[in-house]
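Notes follow the structure.
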Amino acid sequence: MNKVFPQGDINGNAAAGTKVLPGEAGCTAPCCSRPGACLSAFVLLLLAAVAALIALVIILGSPPRTPGAQACVTLTNRTGFLCHDRRSCISASGVCDGVRTCPHGEDEEEALCRDVPQSLPGFLVARCGNPASWIYSDQKCDGTNNCGDCSDELSPVTACPPCGPGWWRCPSTVFKYCDCIPRSLCRDRVQHCSDWSDEYSCPGP
């Protein structure tokens, strides 16, 4: 004769005489059949979400720590670098020169200066006639032969305005100058122009 054991009711409650093990009361079948399965699944989902977030940061790159470089105009009407305080405007040639000029030193940050001129923003750089040579943009049309071939002062590479009031226009014999010389060099009994106009025509300072 077969024995019939009491079964639980439709709500899952154990019938009278049925022994219930500790921790099994009120749990669902999957959790009861494999202890810790629900917790393990939750941990795996959490780890997958963290891994996806890390992968996204690697692909897109981390957000910039500081605002991007911005151009400004200096008091001498030259291209400059706007510091992050948005008040200080330093000359282009003052960037990555080894001296921290901005209040917070952002003009010498490693990201900006690690591979000059490639790491510099375009507004800070001017190319010479020789593509391998470059100067800072505020050194263009300043009357001085910064490129070494005068391409930063003369066409067709550079279009500069006529000589200013403190300059005398002539073909210079001095390597430092190109198409203009400072008037302070006129009438000093030394030839600075190939046509000697600095000694005979220039009115002086």
Side-chain angles (χ1 to χ4, degrees), residues 64 66-84 86-205:
T66 54
Q70 296 185 30
C72 58
V73 179
T74 66
L75 295 176
T76 57
N77 201 32
R78 295 279 175 179
T79 301
F81 175 85
L82 183 64
C83 299
H84 292 164
R86 305 192 67 81
R87 292 190 302 271
S88 306
C89 181
I90 67 173
S91 63
S93 53
V95 178
C96 298
D97 63 347
V99 179
R100 293 179 178 269
T101 308
C102 286
H104 302 292
E106 56 269 25
D107 55 307
E108 300 297 323
E109 284 185 347
E110 182 181 357
L112 189 66
C113 305
R114 66 173 176 265
D115 188 21
V116 173
Q118 285 76 14
S119 57
L120 292 174
F123 66 83
L124 293 178
V125 178
R127 293 289 176 179
C128 298
N130 178 0
S133 301
W134 68 280
I135 60 174
Y136 284 99
S137 54
D138 65 334
Q139 295 174 322
K140 184 173 63 174
C141 298
D142 65 349
T144 304
N145 182 17
N146 295 295
C147 282
D149 58 0
C150 284
S151 58
D152 56 311
E153 300 295 321
L154 303 176
S155 60
V157 177
T158 308
C160 296
C163 301
W167 297 78
W168 174 255
R169 186 176 186 84
C170 74
S172 175
T173 60
V174 183
F175 178 79
K176 183 178 179 180
Y177 305 108
C178 298
D179 216 21
C180 306
I181 65 168
R183 283 180 179 266
S184 59
L185 298 179
C186 293
R187 305 283 179 169
D188 64 351
R189 300 183 180 181
V190 177
Q191 182 187 13
H192 299 289
C193 298
S194 60
D195 58 3
W196 285 92
S197 63
D198 58 311
E199 297 301 313
Y200 296 105
S201 303
C202 178

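Note that these values count all heavy atoms, side chains included, but never hydrogens, waters or copies made by symmetry. For the single chain, residues carry numbers from 1 onward in sequence order.
Minimum interatomic distance between N146 and E153 (heavy atoms only, all atoms of both residues): ND2-OE2, 4.5 Å. Nearest approach of D97 to G94, heavy atoms of both residues: OD1-O, 3.1 Å. The nearest pair of heavy atoms linking V157 to C128 is CG1-C, 4.3 Å. The minimum heavy-atom distance between A69 and P121, with the atom names listed, is CB-CG, 3.8 Å. Across every non-hydrogen atom of E199 and V190, the tightest pair is OE2-O, 2.8 Å. The minimum heavy-atom distance linking G204 with C186 is given by the pair CA-CB, 3.8 Å.
The list of side-chain hydrogen bond (donor to acceptor under 3.5 Å, both in side chains) pairs with a residue in residues 180-190, not counting sequence neighbours, reads D188-H192. For residues 141-162, there are no ring-ring contact (aromatic ring centres under 6.0 Å, His included) pairs, not counting sequence neighbours. Under the ring-ring contact (aromatic ring centres under 6.0 Å, His included) criterion, the residue pairs touching residues 124-148 are W134-Y136, with sequence neighbours excluded.
No side-chain heavy atom of C89 sits under 4.5 Å from any side-chain heavy atom of V73. Looking at heavy atoms from C-beta onward, N145 lies in side-chain contact with D152 at the 4.5 angstrom threshold. The shortest distance between side-chain heavy atoms of F81 and T101 does not fall below 4.5 Å. Side-chain contact between I181 and D198 is present, with heavy atoms from C-beta onward closer than 4.5 Å. In this structure the side chain of D107 never reaches within 4.5 angstrom of the side chain of C83, judged on heavy atoms. Inter-residue side-chain proximity for D138 and T74 is flagged as unmet; no heavy-atom pair is nearer than 4.5 Å. Between P171 and S194, the closest side-chain pair of non-hydrogen atoms falls below 4.5 Å.
If you take CG on L124 and SG on C96, they are separated by 8.0 Å, rounding to the nearest 0.5 Å. The OG1 atom of T144 sits 11.0 Å away from the CZ atom of F175 when rounded to the nearest 0.5 Å. If you take SG on C147 and CG on N130, they are separated by 9.0 Å, rounding to the nearest 0.5 Å. Once rounded to the nearest 0.5 Å, the distance linking NZ of K176 with SG of C150 reads 13.0 Å. Remark: S151 OG to I135 CD1 distance equals 7.5 Å, nearest 0.5 Å. Between the CG atom in D142 and the SG atom in C180 there is a gap of 11.0 Å [rounded to 0.5 Å].
No donor-acceptor distance shorter than 3.5 angstrom exists from the side chain of S88 to the backbone of C102, with no hydrogens or angles considered. Side chain of E106 to main chain of H84: a donor-acceptor pair is present (N/O by atom type, distance under 3.5 Å, no hydrogens or angles). A distance-only check finds a donor-acceptor pair linking the side chain of R78 to the backbone of K140 [under 3.5 Å].
Among residues two or more places apart in sequence or in another chain, the side-chain hydrogen bond (donor to acceptor under 3.5 Å, both in side chains) test is passed with S155 by none. Residues satisfying the side chain to side chain contact (heavy atoms under 4.5 Å, CB included) test with L82, not counting sequence neighbours, are Q70, C72, R86.
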Original post:
Would C202 and C193 satisfy disulfide bond (SG atoms under 2.5 Å apart), going step by step from the backbone distance to the final call?
Top reply: CA-CA 10 Å; C202 178; C193 298; over 6 Å; no
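Within 6.0 Å of CG in D115 there are more than 12 heavy atoms belonging to other residues, nucleotides or ligands. Residue Q118 places its CD atom among more than 12 non-hydrogen atoms of other residues, nucleotides or ligands, all under 6.0 Å distant.
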Under 3.5 Å, which donor-acceptor pairs link side chains of residues 162-169 to any protein atom two or more places apart or in another chain?
unit_1 : atom_1 : unit_2 : atom_2 : d
W168   : NE1    : S197   : OG     : 3.0
R169   : NH1    : D179   : OD2    : 3.4
R169   : NH2    : D179   : OD2    : 2.7

